[in-house]
Amino acid sequence: MEKKQRKKAEAKKLNIREITTCDATAQMLEKAERDGVETAHHRALKMKACPIGAESACCKHCFMGPCRLNPRDPYEKVGVCGATIDTIQSRNFARMVAAGAAAHTDHGMSMLDLFREVVKGNIKDYTIKDPIKLEDVAVELGIDIEGKAIEEIAMDLYYELERTYTQVEGEIPFTKRVPEKTLETWRKHGVVPRGAMREIMELLHRSAIGVDQHYANITNQCSRTALVDGWGGSMIATEISDILFGTPTPVRAEVNMGVLKENYVNIIIHGHEPNLFESMMDSVSDPSLIQAAKDAGAEGINLVGMCCSGAEVLSRHGIPHAGNFSSTEEIMITGAVDAMAVDVQCIKQGLGQVAKCYGTKLFTTNPRCKIEGVEHIEFDHHHPRECTDAIVENAIVRFKNRKLPIEIPQIKNLGVHGFSHEYINYMLGGTFRASYTPLNDNIINGRIRGVAGVVGCTNPRVKQDWVHVELVKELIKNDVLVVQTGCSQIALAKAGFYTPESAYLAGSGLREVCETVGMPPVLGLGSCVDNSRILTACAEMVRTGGLGDSIADLPVAGAAPEWMSEKAVTIGHYFVASGVFTVFGVGFPIIKDTKFYKHLTEGLEELGFGKWGFARDPHEMAKMMIEHIDKKRKALGIDKARERILFDMAARREMEAA
Ligand code: NFS
């Protein structure tokens, strides 16, 4: 009996080295254990994932159920309405795609609201920082800019982009960016998005009880809805944020918990929408607030980011980044965080409890996201400083009243971030021949085998950062150039991959390119909505020539190795619908070998789209992605070039040996 109890107690104890490869997070988890504080890692240990839900064998779309099918024998029975396992799984998948698309498009809408008000002169705290990009995007979308003032062009652009949301018939504006053959495939299957509101509404309708009961037809509307995110809401969020706050160019910056400073008032912004962060940057440089901090005994105010908010300003302004999704509770265990302000998305309710334990002032700021028991200071973009100044003032008070001992993990990783899709032009092409031609040439001649997007969340169900890092290591070793966003970018940055010197970890071809240009083999593009930069880069690669006529022809692949969010599923599906093979780690709510599974992993590719793949092990994931890249190289007839390069290397080695 005693033994049993002991075993049970041990099972509830964190095995920290199995939970994370992030040393700073590990150090804070040890402290959490000493302090008796609970985090998502503890809760994940206590909460066994529901095995029926984990395989999507449960339907609760009406109250004749909820119906549970048998995941071991999925065709053994059907729901009360007669829904088969394929209907149930595809409807559950559809609801995730709809929610994820809604999140990104609503974020994009907020940026568009802000843009409109700035252009109309109703908001003075922000201005258009990148008028060149404004003109470029306007021209791309067919807006006549001749002889027009910037404000006029901006207003025309606003009305054009608003169609992405409100249009009921036709094609969303950014389809102009889609390679012709990819667009042809979309038109053939009726998945060109009309407008975000319409597509999300229709998907929710079709996935309700008694409507669409053919998994392939449901998947089709999933594609249309996911595409309105990738080429709509997310793309708008990225482009408008660049226009308002500046387009990223490479910048050196530090990541990891060591960016906190013991003698400073530490403020963290965590969430997704850059306007909160931009205003906070103004607040923390306000001389009167800096003076107030000094009067309280601090050396100054230290502003750092987390999650996607952080990844965005890391890319755009080089603001230090303290960690990814699986470290947001842990960072408060340092005792050094005086205030954390959150807006929307990826904000754990558990933050409230940890903040209480350490006296950190936690604030929600967006009317869309309030947390029971957490103070709300509303952020109104017409008067942004009212909110951000108040947060700074609260942080200063907390600094003054610090009582608990502080323990900041002394780990910081310096790296280069901020590779926008525009910058790739200059990086490889130089200022005088800015283009994607050198990238395409290096892919054609085989130095670069292909390009992989490795993105997405971290998830306490798998060892934090480990899957991201192992996968990327394997890819670059095999000459695959990696582009990243969000929490995945931070995982690799913490592991030291964002320095040009890390090129030594790459295969000989990729290393040669990196060393010539002075770039890391892993390029960080920003936040999760900035995955749209990867789509734009893919379109640019097709347009530049030599790598096929559609995105589906490119030797590229995508992965979300530690995903957890519905948004990740939508991102995965817009990459698949755009033509990219996309592999998800952790596990996926699907049952292997059902018709729906085969449709996602094989059927979609036969229709001219990309396809899904699933694997938990990073080496297995890398193998799947590299095999796909090689398959595409072969189809393009450029596989021989690479063999020659390999032969050259072997020959060179032989010569050296002789
Ligand atoms: Ni994207 Fe995942 Fe969240 Fe950002 Fe991080 S968890 S889906 S990477 S912060 S959105």
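Numbering of ligands and ligand atoms starts at 1, following listing order. Numbers for residues simply follow the sequence, beginning at 1. Just so we're clear, the structure is a prediction, and the values are computed from it rather than from any experiment.
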Protein-derived N, O or S atoms sitting under 2.8 Å away from atom 3 (Fe) of ligand 1 total 1
Heavy-atom side-chain contact between P274 and H107 under 4.5 Å: yes
State which residues pass ring-ring contact (aromatic ring centres under 6.0 Å, His included) with F609; sequence neighbours excluded, sorted by chain then number. H189
Pair K361 + D338, salt bridge at N-O below 4.0 Å: no
As a test of understanding, state which of C346, S527, C369 forms a side chain to side chain contact (heavy atoms under 4.5 Å, CB included) with H272. C346
Does D465 use its side chain to pair, donor to acceptor, with the backbone of T21 at less than 3.5 Å? no
Relative to the heavy atoms of M564, which atoms of ligand 1 are at a distance of less than 4.0 Å? 6 (S)
For T360 and V337, indicate whether the former's side chain and the latter's backbone hold a donor-acceptor pair under 3.5 Å. yes
